[in-house]
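Side chains are part of it too, since the values below use all heavy atoms of this structure and drop only hydrogens, waters and symmetry mates. This structure is a prediction, so every number in the text was calculated from the model and none was measured.
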Amino acid sequence: DVQLQASGGGLMQAGGSLRLSCSTSGFTFDEYAAIGWFRQAPGKEREGLSCISSRDRRTYYADSVKGRFAISTDNAKNTVYLQMDSLKPEDTAVYYCALAGPPPGYGCYPISSMYKYWGQGTLVTVSS
C-alpha cells in the first residue's frame with residue numbers, strides 16, 4: 001500500500017528554521033508523477049506550497065514560500081524533505097505531503113486535486 005507520513009513539525013520562533021520529513025513506502029517514485037507539500041491553517045483552505053516531479057526532478061514553489069522553503073528527496077531513505085527557513089507567524093498550519101500519479105511526469109504543480117495519496121499532517125506553529 002502507498003503510505004506517506006509527514007513529521008518534523010513543532011513550535012518555532014519567527015525567523016527560525018524547521019525541516020519537515022515525508023517518509024514514504026509502498027511505491028517507486030519514478031512510477032508516479034510528483035510529490036508535493038501542502039498546508040492548511042485554521043479556518044483557511046488548503047494551500048499548495050511546493051512539489052517535485054519524478055522524471056526531471058523539477059521543482060515548483062508557491063509565491064508565499066519561494067526563496068524561504070526548499071524541497072528535496074533522499075531516494076536511499078525514501079524520504080522527501082521540506083526545509084523551511086525564515087519562518088513567519090503566517091506559516092503556522094498543519095503541513096501535509098502527498099503523491100500524484102501515476103503515470104510519471106515532467107514538471108509539477110501543487111494542486112490538491114492532482115494528488116491521490118495523502119499522509120497525515122504535522123503541525124507547525126510559529127510564534128512572533
I need the minimum non-hydrogen distance between A14 and S128, along with the two atoms involved. CB-CA, 4.3 Å
Side-chain donor/acceptor pairs under 3.5 Å, residues 25-32, sequence neighbours excluded:
none

Applying side-chain hydrogen bond (donor to acceptor under 3.5 Å, both in side chains), name anything that partners [X], two or more places apart in sequence or on another chain.
X	value
D1	none
S53	D56
R19	none

Residues sharing Y106's hydrophobic cluster, by side-chain heavy-atom contacts under 4.5 Å among ILVMFWY, directly or via others?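 Taking Ile, Leu, Val, Met, Phe, Trp and Tyr as members, Y106 stands alone, with no cluster partners.
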Counting N and O atoms only, with roles assigned by atom type, does the side chain of T92 sit under 3.5 Å from a partner on the main chain of V126, one being a donor and the other an acceptor? yes
In the single-linkage hydrophobic clustering (I, L, V, M, F, W, Y; side-chain heavy atoms under 4.5 Å), do Y96 and I111 co-cluster? yes
I52-V2 co-clustered via ILVMFWY side chain contacts under 4.5 Å: yes
Can you pull the disulfide (SG to SG under 2.5 Å) pairs that have at least one residue in residues 62-93, sequence neighbours excluded?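 Every pair satisfying disulfide (SG to SG under 2.5 Å) with a residue in residues 62-93: there are none.
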Provide the full list of disulfide (SG to SG under 2.5 Å) pairs with a residue in residues 70-128, sequence neighbours left out, each pair given once. C22-C97, C51-C108
According to side-chain hydrogen bond (donor to acceptor under 3.5 Å, both in side chains), does anything in residues 5-14 pair up with another residue at least two apart or in another chain? List the pairs. none
Output a table of donor-acceptor pairs, distance under 3.5 Å, between side-chain atoms of residues 80-88 and any protein atom two or more places apart or on a different chain; print 'none' if there are none.
| from | atom 1 | to | atom 2 | distance (Å) |
| --- | --- | --- | --- | --- |
| Q83 | NE2 | D85 | OD1 | 2.9 |
| D85 | OD1 | S17 | OG | 2.8 |

List, one per line, each side-chain donor-acceptor pair under 3.5 Å for residues 112-125, sequence neighbours excluded.
| from | atom 1 | to | atom 2 | distance (Å) |
| --- | --- | --- | --- | --- |
| Y115 | OH | Y109 | O | 3.1 |
| W118 | NE1 | Y115 | O | 2.9 |
| T122 | OG1 | G9 | N | 3.0 |

For a quick test of your reading: what N or O donor-acceptor pairs under 3.5 Å do the side chains of residues 42-50 make, sequence neighbours left out?
| from | atom 1 | to | atom 2 | distance (Å) |
| --- | --- | --- | --- | --- |
| E47 | OE1 | R39 | NE | 2.8 |
| E47 | OE1 | R39 | NH2 | 3.2 |
| E47 | OE2 | S64 | OG | 2.7 |
| S50 | OG | Y60 | O | 3.0 |

Would you mind writing out the side-chain donor-acceptor pairs for residues 69-77 within the sub-3.5 Å range, not counting sequence neighbours?
| from | atom 1 | to | atom 2 | distance (Å) |
| --- | --- | --- | --- | --- |
| D74 | OD1 | A76 | N | 3.1 |
| D74 | OD1 | K77 | N | 3.2 |

Nearest-0.5 Å distance that lies between atom OG1 in T79 and atom CG in L20: 12.5 Å
